[in-house]
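Okay, so here's the structure we're looking at.
Remember, it's a predicted structure, so these values are computed and weren't measured experimentally.
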Amino acid sequence: MPELPEVETVRLQLLNKVVGKKIKKVVVYRLRTVAEDFSFATRLKNKTIKGINRIGKLLIFTFSENSDLFLLAHLKMTGQFFYIDKKGQVVGGGHGNKDNENIIFPHKHSRVAFRFADEGILYFNDMRLFGYLKIANKSEMELAKSRFGPEPIHPEFDTKWFITTLLQKKTAVKVALLNQQFVAGLGNIYVDETLWLAKVLPTRKCNTLTKKEAAAIATASKEIMNESIKVGGTTFQHFIDTNGNKGNFSKFLKVFGKQGTPCPRCKTIIQKTRVAGRGTHFCPKCQK
DNA sequence: GAGAGTGTTGTAAC
DNA sequence: GGTTACAACACTCT
């Protein structure tokens, strides 16, 4: 579950499902997922989830019993949270791959399970094992937080600062936007979408951008992020209904994965290249 | 069988 | 210090 909008959707869903619940038992299926922490399960036992915050794509759980205890959760490429209530119904979710069908838990990609006092169970699934759940104290949590720059969708996002800083960078604009220390939350998909909307080529060097272009990027990223939070929610709904509708995401995308098809704006064929080691999609005509 | 993949980090090299 | 390029992580899908 990569991009910020989906992480935010998961956060909101989890808020409804697990906040205020006491963890009765934690089962770790794969030690790797909890950073080889043998005390992971015991340290979370009998703790009540107080809240769930998010910075960038990192989820931060807080607990009622101990204000110096945090659970950091990063989904990376394929991490998913599923909440199963006591009737066995799945009411939380992931991002719509095949694993969402025929749900039987725990299944082979389940890495950690949290059983609550009310018999509900929260599963963390992660096919590729890149994601992690990590216990942290306050200073470790602050350190993790400090690795993220401001989020474009934050109401107090400083657009002036963004423009000034962006224009000073010497990297390709796509590289800059993917850098979570600069701005948090934009992933590969939405960087391509943002740059298409802003009519800027991903390979453009930041210090060759005009102020107007930089401002367009800021505006576009906000628009894309906000719009995609809605889409993320929609994707999520489809998962909950388990209707097998998994392609909803792509309906909203304008360039990502659309190579070979006409640009929705100017009908030129969308091209795909590689920038910063990532698949990169753009319109060679209307992006400059 | 080969290649690509939604994210991040570390390292080496310039 | 900035930046670039790449490997690594483990697994599935085309």
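When the P atom of B:dT6 is taken as reference, atom CE of A:Met225 falls 16 Å away, rounded to whole Å. At whole-Å resolution of the value, NZ in A:Lys76 and C1' in B:dG10 are 11 Å apart. Nucleotide C:dT12 holds its C1' atom 13 Å from the CG atom of A:Leu129, rounded to whole Å. Atom CG in A:Leu75 sits roughly 16 Å away from atom P in B:dT6 (whole-Å rounding). Between the P atom of B:dT6 and the NZ atom of A:Lys258 lies a distance of 15 Å, rounded to the nearest Å. Spacing between atom CE of A:Met77 and atom P of B:dT8 amounts to 10 Å, rounded to whole angstrom units. Look at CE on A:Met127: it is 9 Å from C1' on B:dG5, rounded to the nearest Å. For the pair A:His74 NE2 and B:dT6 C1', the computed distance is 11 Å after rounding to whole Å.
For the side-chain hydrogen bond (donor to acceptor under 3.5 Å, both in side chains) with A:Asp192, the qualifying choice from A:Lys272, A:Lys174, A:Gln287, A:Lys254 is A:Lys174, the only one to do so.
Using P as the reference atom, B:dT6 and C:dT14 are 15 Å apart when rounded to the nearest Å. Taking atom P on both nucleotides, B:dG3 is separated from C:dC6 by 16 Å, rounded to a whole Å.
The side chain of A:Gln180 places an N or O atom within less than 4.0 Å of a non-bridging phosphate oxygen (OP1 or OP2) of B:dT8. The phosphate of C:dA10 has neither OP1 nor OP2 within less than 4.0 Å of any side-chain N or O from A:Lys108. Between A:Arg30 and the phosphate of C:dC11, there is a side-chain N or O to OP1/OP2 separation shorter than 4.0 Å. Applying the 4.0 Å criterion to OP1 and OP2 of B:dG5, one finds that A:Lys272 has a side-chain N or O inside that range. Contact annotation: A:Lys57 side-chain N/O to B:dT8 OP1/OP2 distance is under 4.0 Å. Regarding contacts with the backbone of C:dT12, a side-chain N or O of A:His109 is found under 4.0 angstrom from either OP1 or OP2. Residue A:Arg278 places at least one side-chain N or O closer than 4.0 Å to OP1 or OP2 of B:dG7.
Scanning atom types as modelled, one donor and one acceptor separated by under 3.5 angstrom connect the side chain of A:Arg128 and the base of B:dG5.
Here CE of A:Met77 is found 10.5 Å from CG of A:Asp126. Values are rounded to the nearest 0.5 Å.
Stacking annotation: A:Phe130 is not stacked on the base of C:dA10 (requires ring centroids less than 5.5 angstrom apart and an interplanar angle below 30 degrees).
Among the heavy atoms of the strands, none lies under 4.0 Å from A:Gly277. The residue A:Arg32 sits close only to the backbone: its heavy atoms come under 4.0 Å of sugar-phosphate atoms, none of a base. A:Lys205 comes within 4.0 angstrom of nothing in the nucleic acid, heavy atoms only.
C:dA10 is unpaired under the criterion used here, namely a Watson-Crick or G-U wobble arrangement in which both key atom distances are under 3.5 Å. Pair assignment for B:dT6: none, as no Watson-Crick or G-U wobble contacts are both less than 3.5 Å.
Between A:Tyr29 and A:Phe124, the closest side-chain pair of non-hydrogen atoms is not below 4.5 Å.
Because its NZ or CZ atom is not both nearer than 6.0 Å to the ring centre of A:Tyr132 and within 45° of the ring axis, A:Lys76 does not count as a cation-pi partner of that residue.
Put simply, the side chain of A:Ser110 never gets that close to the backbone of A:Lys108: no donor and acceptor are under 3.5 Å apart.
Looking at which nucleotide of DNA chain B each of A:Phe148 and A:Gly279 is closest to, the 5′-most match is held by A:Gly279.
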Residue pair A:Lys222, A:Thr159: steps toward the side chain to side chain donor-acceptor pair (under 3.5 Å) verdict | CA-CA 10 Å; A:Lys222 279 183 216 185; A:Thr159 307; 3.3 Å; yes
